[in-house]
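Lettering of chains follows the sequences in order, A, B, ..., and the numbering in each one begins at 1.
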Amino acid sequence: MSETIDEVATAGPRPTAKRLTRGQLVLRRFLRNKGAVFGLVIIAVLVLVAIFGEYILPWRYDVKDRNAYYAPPDGIHWFGTTQSGGDVLALTVRGLGKSLIIGFAVAIIQTSLAAIIGSSAAYLGGWYEKAWLWVIDLMLVLPSFFLIAIMTTGGPKGPNAWMLLVVLLAAFGWQLSARVVRSLSLSVKEREYVAAARFMGLSTPRLLLRHIVPNIASMLIVDVCLGVGYAILGEAGLSYFGFGVQAPDTSLGTMIAEGAQSTTIAPWIFLTPASLLVLLVMCVNAVGDGLRDALDPGSMSGGRA
Amino acid sequence: MTDPNAPAQKTRRTAAGDVVLSVQDLQVTFPSEAGPVRAVRGLSFDLTAGETMAIVGESGSGKSVTSLAIMGLHPRTTRVSGSVKLHGEELIGRTDAQLSKIRGNKLAMIFQDPLSALTPVYTIGDQIVEAIQTHYDVPRKQAWERAVDLLDLVGIPNPQLRVKSFPHEFSGGMRQRAMIAQAIANDPDVIIADEPTTALDVTIQAQVLEVLKKAQHETGAAVIMITHDLGVVAGMADRITVMYAGRPVEQGRVDDIFYRPRMPYTIGLLGAVPRLDATNKEPLATLEGNPPSVVDLPPGCPFAPRCPLATAQCRTEEPPLDGAGRHLAACWETDRIIGEKLTSVELFPSPVFERTELAPSERRSRPTVLELKDMQRHYPLMKGAVLRRRVGTVFAVDGIDLDIVEGETLGLVGESGCGKSTTLLEILNLKAPTGGSVEVFGKPTAHLSRRERKQLRRDLQVVFQDPMASLDPRMPIFDIIAEPMGVHGFSKADIEQRVMELLRTVGLEEGHASRYPQHFSGGQRQRVGIARALALKPKVLVLDEPVSALDVSIQAGVINLLEDLQQKLGLSYLFVAHDLAVIRHIADRVAVMYLGKIVEIGDVTEVYERPSHPYTQALLSAIPIPDPETERSRTRILLQGDLPSPANPPSGCKFRTRCPLFAALTEEKRALCLETMPPLLDVRQAHLDHKVACHYPTVIDVLALDSSGTATDSPYAAAAAAAVAETAPDDAATPAAGADPRPDGDR
């Protein structure tokens, strides 16, 4: 008694929805937040400076100007020089580039790990979940600062040593996000569309990637943004003590460390990278907050009356 | 009845019969992303002291917004205009501090969800005392005594003890009663009840409505009852306002609205409600389209796009609310409706399709698609954090037998906690249950390989309850419907073709395939869910309350669609619901579950007209019928107490703690109920498909019970005396006193 298929259905052109898509709606709400927009612009400027800085600026970061040791900011060196004659601006821009790379790389790796581990632990439950929760708790308890310090100073050196730093920072940074992802996934797991997918025979990995992770995407996006700030600060802290980025490579942290010794006589060496660090992290936080408000349908960024 | 602990007996400012609350041209507007939302556009009514006014409407009609506007509970960004006068004093425009003196004192509100309306960290007694002490300078001891008296008034057993409980220690019905107690603590003049029983089970709903009536009687307050359930309205209201798209479209006395409706929307609504006492199975009246979104309303009457009588004037000018006497309607065509005596049959003709009844003898000749044999599902109760040990068992499903043949619909009814959802999950999981067996198409599910299970899933599909939650909001509906086919390896071209075909089958437009679920209304989303379930051409559909989350006018369309699909595609349905009226309409057979066991099963007409188990009788008796005369003249069989915990079921018959028949039996007869669980046996002759699990089954036609009888337990007093223990099918099961042969006709 089944229905016979009589005609061949030709798929006509699909009309585009006249209403705003979700992406457009989120963008509109984001743009209303002046602080977040300002932060985004500043970050964009900083990224551009980091990429193209060395072609624009008059001095290169590894050139020592023997005529100017501890020179205060003037017409030749806009932000002064260091003890060995290096141009503070060029060094800072180079350090900024390194900090930005480390920051973004760590944040993306960290959030991806948290997403996969947290959602699978929530969905599969049982011993798998218990094991991962145990690992998370253990790693949260371990003194990550010291471990990273030991591993970077004792480990390989060279121009690409920062990659080890990225791996270590990410490895010790995903735990808290994973816990949040797990609790969010626990509530998504109970939704009926997940049950519907299970009852139509969808395999577990596909189910996780197709149904669970996209529905906690808002949290993940915000997590990446805020993670950038934390990673940069973490790297700066390690480098200050000499553990993170090693010489001759430079980053904001090493610059601050170098400048800290001579704060009283040459404050510009310390102030330049420090202010840039503060500015960068504040802007990243503003963007993260703005995104979170824009993605949250219940927040008070309600429309025009 | 003077209460010495009551705050100084209020002399009512407005005498009975005078207007206590007067609402004129109330308008409420919210800001939103898409522009101003005019949720209420001009509501006016006068409420007399002591009367009950019901505001009826579906989602988007503005009824809940009205109640919050009267109480002044909207956030500051909302614009409320118009006039709300309590005892002649204007409420709109007052500050929050001034309104706080009135709220809880003269105006009280009962909310929909008692769990979120009661503060979880304070005891019930604390909250009632807070309500009293905020308005009156009463010593704490006196206030506590009044709280205990109030809890006793609303029927909570052991009030001295329970006054110190926390809200989470009460069941849903008791929480709602506690909220009613809190609302009447200060003898208010107006009580606003915002969907007070929507979240409750049917038998609990009957209890709570009785309490509400009693509370109104005790305090003499006027009640505004906001609801979408026309049956509840028929039993409680004196006057009704029907709202649509933010405006009242009909207003009048309850008899006028139910028996002489003048506006096509009201007529359609009354025709679309499935009735418990309907003997015929004609398709329900369907209203095409959906309730409009109040963001951008077209000019003219908001109902015009769905109205069969719409004229050019209807589409350009919005009709005012006017009429003769106190029966007002907002429609340009009222004269035509009155003159031609138009009813829902003429205005909203339902699609005609063949409905073949399934005779019991024919059943046996069809292949069985689903069979449960003594199926059990127990969950262990674990205690302890680190070392978990088992302290007990939750007997969620405790041995049920049922079977479905090809082309048949079995309705599984019961209240929350009876195990019907667990039964569904067990069937869908296709794994071995704790005990017994599940057989799908003759194959037991206990030892299936993964491939066999995946294969079987093609023939067994599910439609869920909540249309919003059952569709992934991140996928367009083309992908949602195509997903099952993708999992089972269909080619892209096949998928494309089939999705379009399915969209047409369920009545949606093909052009909408790239839209997301949030762009559709509830009824349309449910149709997408049905299309997804049909994608693999299944033979059995399991439906978990598919229409309970939908508005009444949309419900009828989905029910008709399901019936149509069954006829065309030869599907079998396992239909789980708590709405017995819908089941009567759509099912061929029905099984009633209580605490994990089936208490009555059989042909749906048999069970509904000759219910033999006291629980079935109580269920049927508790359901409100949208007919004021029937409601007024009915006596209800009210069950006492609450559902026992499934972790600790009573010995013997599980229903005996609440059974009115048990209460009326003598000691020796009770022994049987206390010791053994009654088996499921045929009530009369075996060929009449009707089995019941009761030691003393008695047929009582609850729908014909009227208040001409004497005491409240009279139906069972005589039955208890005449009861004979059932160990074999008994041909002489006598109908008890009061069960008159049903009068002809539905009304």
Exercise. Below 4.5 Å, heavy atoms only, C-beta onward: do N429(B) and R198(A) meet side chain to side chain?
Worked result: yes
Minimum heavy-atom distance between [X] and [Y], given as atom pair plus value:
| X | Y | answer |
| --- | --- | --- |
| L425(B) | F199(A) | CD2-CZ, 3.9 Å |
| F464(B) | E192(A) | CB-OE1, 3.4 Å |
| D472(B) | H211(A) | OD2-ND1, 2.6 Å |
| E483(B) | A197(A) | OE2-CB, 4.4 Å |
| P473(B) | N215(A) | CG-OD1, 3.6 Å |

For this session: Start with the C-alpha gap between R474(B) and R210(A), add the side-chain angles, then the distance that decides, and say whether side-chain contact (heavy atoms from CB on, under 4.5 Å) holds.
Result: CA-CA 9 Å; R474(B) 301 269 175 159; R210(A) 198 187 286 176; over 6 Å; no
By a 4.5 Å heavy-atom criterion (distance strictly below it), what part of [X] contacts chain A: side chain, backbone, both, or neither?
| X | value |
| --- | --- |
| M475(B) | side chain |
| R458(B) | neither |
| L471(B) | backbone |

Seminar exercise, completed: Under 4.5 Å to a heavy atom of chain B? For R206(A) that would be neither
Taking atom [atom1] as the centre, does [X] end up with more than 12 heavy-atom neighbours from other residues, nucleotides or ligands that are less than 6.0 angstrom away?
| X | atom1 | answer |
| --- | --- | --- |
| Y128(A) | OH | yes |
| Y379(B) | OH | yes |
| Y123(A) | OH | yes |
| M382(B) | CE | yes |

Exercise. How many angstroms lie between CZ in R450(B) and OG in S203(A), if you round to the nearest 0.5 Å?
Worked result: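 Rounded to the nearest 0.5 Å, the CZ-OG separation comes to 8.0 Å.
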